[in-house]
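Here is the structure we will look at, set down as structure tokens.
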Protein chains: 2
Amino acid sequence: MSPRNNQPTSGDRSARVFAALGDDTRLRIITHMCSMGPASIVSLTQGSGVTRQAVTKHLRILEGAGLVRTTRVGRETSWQLLPEGLGAARASLDRISAQWDNALHRLKTFIEDQPT
Amino acid sequence: MSPRNNQPTSGDRSARVFAALGDDTRLRIITHMCSMGPASIVSLTQGSGVTRQAVTKHLRILEGAGLVRTTRVGRETSWQLLPEGLGAARASLDRISAQWDNALHRLKTFIEDQPT
DNA sequence: CTAATATGCAACCTTAAGGTTGCGCATCAG
DNA sequence: CTGATGCGCAACCTTAAGGTTGCATATTAG
């Protein structure tokens with residue numbers, strides 16, 4: 001099954017980023033960080049509708065996907081977005097779109113080459 | 001949970017698209033459709049490493065996210081990508097990025113306004 | 001020192017995701 | 001008609017995702 005044609009940066013990492021974005025609570029956390037800047041866990045928990053522990057788990061997942069970063073200051077942990085992570089996801093989408101357009105073009109050419 | 005406080009165009013749909021993209025097998029299916037054009041389930045199963053049924057489930061998920069579409073021809077079902085779905089995901093990423101840049105700018109302004 | 005604050009860690013629960021197998025049903029080739 | 005092919009449906013299994021509760025640990029406030 002496609003032994004060597006998959007780039008290491010392809011599915012594995014992209015899937016992780018997309019999976020990290022694929023949760024409503026996490027998207028809300030990201031939105032919160034967008035509008036409020038770097039925030040602590042308690043701050044992110046407010047209005048999330050879930051427990052602090054749940055928020056912590058989500059943040060760990062986002063961290064694992066390279067979307068956020070932590071900075072410990074005293075007893076507080078400041079979580080902030082890493083826009084590079086979003087860029088990687090967007091690049092992946094662009095690559096898929098490009099391949100798709102390419103496939104469309106080839107399909108069109110193929111059809112036009114048919115004798116009828 | 002969170003019965004009515006979520007905007008309809010915000011997290012709900014975006015999360016679904018991202019979640020659909022957040023699986024390695026599904027990304028491989030998408031890649032296959034990109035390079036081979038519309039394909040049947042058996043065709044997509046080849047080289048996927050999983051059963052036909054598993055592929056079917058993944059296709060249903062992609063369909064639920066508005067990423068693929070089916071066209072039944074005789075006994076064969078042709079699955080094809082819907083680039084609009086990808087566009088929606090990209091728009092969501094762009095929106096987040098924009099908000100993030102905005103937050104960065106406000107943070108910078110705030111810091112520069114400090115007396116020291 | 002004593003409390004209150006901000007997290008971390010771990011156990012536990014519930015449910016859904018990803019996969020498989022088995023069977024049934026159309027549809028096309030011969 | 002008879003098979004082979006392409007799919008759908010349903011039951012079932014295993015594991016991880018999302019959440020909660022409870023307790024432990026630093027750190028700061030008073």
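We name chains A, B, ... by the order of the sequence lines, and we start the count at 1 in each one. Because the structure is a prediction, the values reported are computed rather than measured.
Expressed to the nearest 0.5 Å, how far CG of Leu86(A) lies from OG of Ser92(B) amounts to 9.5 Å. For the atom pair CZ of Arg16(A) and CG of Leu21(A), the computed distance is 13.0 Å after rounding to the nearest 0.5 Å. The line from CG of Leu67(B) to CG of Leu59(B) is 11.0 Å long, rounded to the nearest 0.5 Å. Between atom OG of residue Ser14(B) and atom CG of residue Asp23(A) there is a gap of 12.5 Å, rounded to the nearest 0.5 Å.
Counting to the nearest Å, the P atom of dA17(C) and the CZ atom of Phe18(A) are 19 Å from each other.
In terms of hydrophobic clustering, with Ile, Leu, Val, Met, Phe, Trp and Tyr side chains grouped at heavy-atom distances under 4.5 Å, Leu82(B) and Leu62(B) are assigned to different clusters.
Identified under the side chain to side chain donor-acceptor pair (under 3.5 Å) test for residues 54-70 of chain A, with sequence neighbours left out: Arg26(A)-His58(A), Arg69(A)-Gln80(A). The salt bridge (charged side-chain N to carboxylate O under 4.0 Å, His left out) analysis of residues 33-52 of chain B, with sequence neighbours excluded, yields no pairs.
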Take Leu27(B) and Ile96(A), measure what side chain to side chain contact (heavy atoms under 4.5 Å, CB included) needs, and give me the verdict at the end. CA-CA 9 Å; Leu27(B) 276 186; Ile96(A) 293 174; 4.2 Å; yes
Using the 3.5 Å cut-off, write out each protein N or O paired with an N or O of nucleotides 25-29 of chain C and the distance between them.
residue: dT27(C); atom: O2; partner: Arg75(B); partner atom: NH1; Å: 3.0

Please write out the pairs of protein N or O atoms and N or O atoms of nucleotides 18-22 of chain C separated by less than 3.5 Å, giving the distance to one decimal.
residue: dG18(C); atom: OP1; partner: Asp23(B); partner atom: OD2; Å: 3.2
residue: dG18(C); atom: OP1; partner: Arg26(B); partner atom: NH2; Å: 3.3
residue: dG18(C); atom: OP2; partner: Arg26(B); partner atom: NH1; Å: 3.0
residue: dG19(C); atom: OP1; partner: Thr25(B); partner atom: OG1; Å: 3.3
residue: dG19(C); atom: OP2; partner: His58(B); partner atom: NE2; Å: 2.4
residue: dG19(C); atom: N7; partner: Lys57(B); partner atom: NZ; Å: 2.9
residue: dG19(C); atom: O6; partner: Lys57(B); partner atom: NZ; Å: 2.5
residue: dT20(C); atom: OP2; partner: Thr51(B); partner atom: N; Å: 2.7
residue: dT20(C); atom: OP2; partner: Thr51(B); partner atom: OG1; Å: 2.3
residue: dT20(C); atom: O5'; partner: Thr51(B); partner atom: OG1; Å: 3.0

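Of the side-chain N and O atoms in Arg60(B), none sit less than 4.0 angstrom from OP1 or OP2 of dA17(C).
Using modelled atom types and a 3.5 Å distance limit, the side chains of Thr31(B) and Arg28(B) yield no donor-acceptor pair.
For Ser97(B), the side-chain hydrogen bond (donor to acceptor under 3.5 Å, both in side chains) criterion is met by Arg90(A), not counting sequence neighbours.
Taking the screw axis at each terminus of the helix from dC1(C)-dG30(D) to dG30(C)-dC1(D) from five consecutive base pairs, the angle between the two is 30° to within rounding of 10 degrees.
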